[in-house]
There are 2 protein chains.
Amino acid sequence: MKRKITLKQIAKELDVSIGTVSKALRNSKEISEETKEKIQAFAKFYNYKPNNIALSLKNRKTKTIGILIPEIVHHFFSKVIQGIEQVANKKGYNVIIGLSNESFDKEVINMEMLAGGSIDGFILSISKETLLQQDYHHFNETINQGMPIVMFDRVVSDIRCDKVIVDDLEGAKKAVNKLIENHCKHIAIITTKDYVSVGRLRTQGYIEALNAHEMHTQSDLILKVDDKLASEDYIDVLEEEIKALLLMNPEIDGVFAVNELYAVTTMKVARKLGKKIPDDLQVVGFTDGVLSRHATPSLTTVSQHGKKIGEVAAGLLIEKIESESLDEPVRTIVIETELIERESTK
Amino acid sequence: MKRKITLKQIAKELDVSIGTVSKALRNSKEISEETKEKIQAFAKFYNYKPNNIALSLKNRKTKTIGILIPEIVHHFFSKVIQGIEQVANKKGYNVIIGLSNESFDKEVINMEMLAGGSIDGFILSISKETLLQQDYHHFNETINQGMPIVMFDRVVSDIRCDKVIVDDLEGAKKAVNKLIENHCKHIAIITTKDYVSVGRLRTQGYIEALNAHEMHTQSDLILKVDDKLASEDYIDVLEEEIKALLLMNPEIDGVFAVNELYAVTTMKVARKLGKKIPDDLQVVGFTDGVLSRHATPSLTTVSQHGKKIGEVAAGLLIEKIESESLDEPVRTIVIETELIERESTK
DNA sequence: ATTCTCAACGATAACGTTTGCGTGTTGGTA
DNA sequence: TACCAACACGCAAACGTTATCGTTGAGAAT
């Protein structure tokens, strides 16, 4: 297993100095055509490629950006990564990924690993546990060390950094308004417990939309399920809870679910109860993933444009990385949601 | 935006040499307790963290492994990454990701970027375009430069490296055997064109399973759809082709689809044609993703254990990276598939 | 008094680059 | 013959570490 060839080896082999080789390969006019050709030919033959690590050390920049997300087996996050990767690569940046698995400790450890010189900046979405504990010291420390951060989707306002967010409140309104337009009179929501801001905002949007149309919100039409039920293992429990909701409130003719899984599960349960979709019950979800598209019936849902979010986040970060000035204002960019109508609504 | 503190700065501040600081922080017994305490306190206060880049340069290893996959918005690949990440992190490695988007050029460019010192080894799955062009020079060059590679899922035998593969042939047999056991008499397959080995193997498994039971294979029961139809945009065309298949051969009572999407689309089309699943038609898919689990009816499918594949691949790679000997044999590890029975079969 | 032995620390090389500057060798001109 | 550009190249510093080897001084042993 031979090692990669270096400038030094080329220099020794051709009996010139290291500096000369470097200049020749960078096509400096300081070097004569003759030697340049010789050196370049030699380098090409041995497939010389400069060592990025050495360059990173010298230039004090790594040309890679770090992504830190709670999980990867998740359509939305994958889409965001795709977006980030696209603009990053276009600008000559690599992308390195850390997974927190929704754990505070893993988030901290991963940040420290990456912040130790491996990357030029972070794009991240906060883990649930961190959100719960409200301990944000690792973010502030990283920022204080001069490393720019861009947060997306799950953000907290306390931290001074760029943010790219989804207008969850407005998105939820769009969804509920659609149901109202379609003459639903009793609209339920299936949402999560409150500590993740995203779920809270969607719930609030639901309430505001109803109020705006002078429909009263009934607490028994608001089903807050435990987050853990989103994991695949607890799908039975989730089904039971939804079933109970529908049985206890047979008047429900519209459901807004704060994610895909809740939505398709609702449709599944409803069908088992003999309800026709969308005739007896209309359903709108959140997040435009594979489930929404390929469920039967296909799901009307609020798309967050994950790829776009990634693109914008990467753009912001790279801009900040490459900017010289050291005290720019922080920006918060809102990516509009879009209601994608399919078969689960009339 | 202050920069990170370095050994040199600490040394100057405390009026000792750089070496002393380094030793003190690594708790060398060469340094007196007194100075050690002083230096360590100072370093802690200023939150000193060694610069990974400098360490990488010195140690000639980066402690990060590169993943190169065709796409990330894909349940199987996400699962593999999850597995890789888990064992990599456990062993102190980071993970950096490159996406080829099924393009040969992007694959080559990404490899060159990463191979330029950023990583210690590769885990990759070959892009379709590369498979088509059969140009594997970039893999061989990378290997020749002393960088270990582990391939998974989509592999080619020409390249001398470790491989982790799915037993596609056996998996397909399991699926088809299940249909035969369930008394299907006319079993169709929905597969892709032949150039990706994975699809070919699954088709072959289908044929062998039928032959083993002395059922004749009819070419009109083998639907080879263009790969591009797997992309979301061409879903209509895909539906049309499947519809034609089912209409032309109404005797079909079992379908084996080589991926999730084909399977759920088949179920959707069948239902539109008034067929009951699994009573009139039984369907088995390949890949255990969200679609399989949450489709209605839920899909019987062949699981490839993506996470396991990632874990094994990472294990092999790290072992090779950390091994001293430079001419070990290459290994090919087959991960068993598992038939997961759900509602789409009897 | 001289040598020896540690303890405690400093100096330096090395990892692979890039780059500004110094320097030796040309050739041409006065 | 003497001088001066221009050319072509070498030297060395710097990025931040770690490890090897010196070096210094003090005290102990001879």
Side-chain angles (χ1 to χ4, degrees), chain A residues 2-40 42-43 46-64 113 115-120 145-147, chain B residues 2-40 42-43 46-64 113 115-120 145-147:
Chain A
K2 50 185 177 184
R3 227 182 278 289
K4 286 194 60 181
I5 193 169
T6 70
L7 287 185
K8 188 194 285 192
Q9 296 172 41
I10 299 182
K12 192 164 68 177
E13 211 66 35
L14 262 43
D15 210 43
V16 290
S17 81
I18 295 179
T20 305
V21 178
S22 174
K23 285 170 185 164
L25 292 179
R26 321 205 97 242
N27 236 315
S28 158
K29 51 184 176 243
E30 271 188 70
I31 309 297
S32 71
E33 281 305 322
E34 196 186 359
T35 9
K36 269 200 285 195
E37 276 175 31
K38 188 177 62 179
I39 292 178
Q40 286 172 0
F42 189 90
Y46 281 99
N47 199 16
Y48 169 80
K49 294 273 162 47
N51 182 324
N52 287 334
I53 295 291
L55 288 178
S56 296
L57 183 57
K58 186 157 181 44
N59 302 330
R60 287 145 161 235
K61 56 178 85 165
T62 62
K63 280 278 182 180
T64 97
M113 278 192 77
S118 311
I119 61 170
D120 293 339
Q145 291 190 4
M147 180 159 304
Chain B
K2 50 186 175 183
R3 227 181 276 291
K4 287 193 61 181
I5 194 169
T6 70
L7 287 186
K8 188 194 284 191
Q9 296 171 42
I10 300 182
K12 192 165 67 179
E13 211 66 35
L14 262 44
D15 210 44
V16 291
S17 80
I18 295 180
T20 304
V21 178
S22 173
K23 287 172 187 163
L25 293 179
R26 322 205 98 243
N27 235 318
S28 157
K29 53 182 178 253
E30 272 188 66
I31 309 297
S32 71
E33 281 304 324
E34 196 185 1
T35 5
K36 269 200 284 195
E37 276 176 32
K38 188 177 63 180
I39 293 178
Q40 286 172 0
F42 189 90
Y46 282 100
N47 198 17
Y48 169 80
K49 294 273 162 49
N51 182 324
N52 286 335
I53 295 291
L55 287 178
S56 296
L57 182 58
K58 187 157 180 46
N59 301 330
R60 286 143 164 238
K61 57 177 87 166
T62 62
K63 280 278 182 180
T64 96
M113 277 192 78
S118 312
I119 61 170
D120 293 340
Q145 292 191 3
M147 179 159 305

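Throughout, protein chains are lettered first and strands after them, A, B, ... in sequence-line order, and every chain is numbered starting at 1.
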* With a 4.5 Å limit on heavy-atom distance, are the side chains of Leu7(A) and Tyr48(A) in contact? ->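 Result yes, sub-4.5 Å side-chain heavy-atom pair found.
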* Can you check whether Leu55(A) reaches Asn51(A) side chain to side chain, under 4.5 Å on heavy atoms? ->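 With C-beta onward as the side chain, the pair stays apart.
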Could you tell me the separation between the [atom1] atom of [X] and the [atom2] atom of [N], rounded to a whole number of Å?
X        : N       : atom1 : atom2 : value
Lys36(A) : dC7(D)  : NZ    : P     : 12 Å
Leu14(B) : dC9(C)  : CG    : C1'   : 14 Å
Lys12(A) : dG10(D) : NZ    : C1'   : 18 Å
Asn52(B) : dT18(D) : CG    : P     : 11 Å
Ile31(B) : dG10(C) : CD1   : P     : 7 Å
Ile53(B) : dA14(D) : CD1   : C1'   : 16 Å
Lys61(A) : dG16(D) : NZ    : C1'   : 18 Å

Say you draw a straight line from [atom1] of [X] to [atom2] of [Y]; how long is it, rounded to the nearest 0.5 Å?
X        : Y        : atom1 : atom2 : result
Leu57(B) : Thr62(B) : CG    : OG1   : 11.5 Å
Ile39(A) : Asn27(A) : CD1   : CG    : 11.0 Å
Lys38(A) : Glu34(A) : NZ    : CD    : 7.0 Å

* Side-chain (Ser118(B)) to main-chain (Ile53(A)) donor-acceptor, under 3.5 angstrom -> no
* Asked: So, Ser56(A) side chain and Asn52(A) main chain: donor-acceptor pair closer than 3.5 Å or not?
  ->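 Side chain of Ser56(A) to backbone of Asn52(A): a pair is present.
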* Please step through side chain to side chain contact (heavy atoms under 4.5 Å, CB included) for the pair Ile18(A) and Ile10(A), ending with a clear verdict. => CA-CA 8 Å; Ile18(A) 295 179; Ile10(A) 299 182; over 6 Å; no
* To do: Please report how far the helix from dA1(C)-dT30(D) to dA30(C)-dT1(D) bends, comparing the axis fitted to its first five pairs with the axis fitted to its last five, to the nearest 10 degrees.
  => 90°
* To do: Report which part of the nucleic acid Ser56(B) touches: base, sugar-phosphate, or nothing (heavy-atom distance under 4.0 Å, all strands).
  =>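 No contact at all - Ser56(B) keeps every heavy atom at 4.0 Å or more from the nucleic acid.
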* Asked: How would you label the contact of Ser28(A) with the nucleic acid (heavy atoms, under 4.0 Å): base, sugar-phosphate, or nothing?
  ->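 The answer is nothing, as Ser28(A) stays clear of every strand by at least 4.0 Å.
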* To do: Determine, for nucleotides 11-23 of chain C in 5'-to-3' order, which nucleotides have protein heavy atoms under 4.0 Å from the base (write B), from only the sugar-phosphate (write S), or from neither (write -).
  => ---BBBBBBBB--
* To do: Taking all non-hydrogen atoms of both residues into account, name the closest pair between Ile119(A) and Met147(A) and its distance.
  =>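 For Ile119(A) and Met147(A), the tightest heavy-atom pair comes out as O-CE, 3.4 Å.
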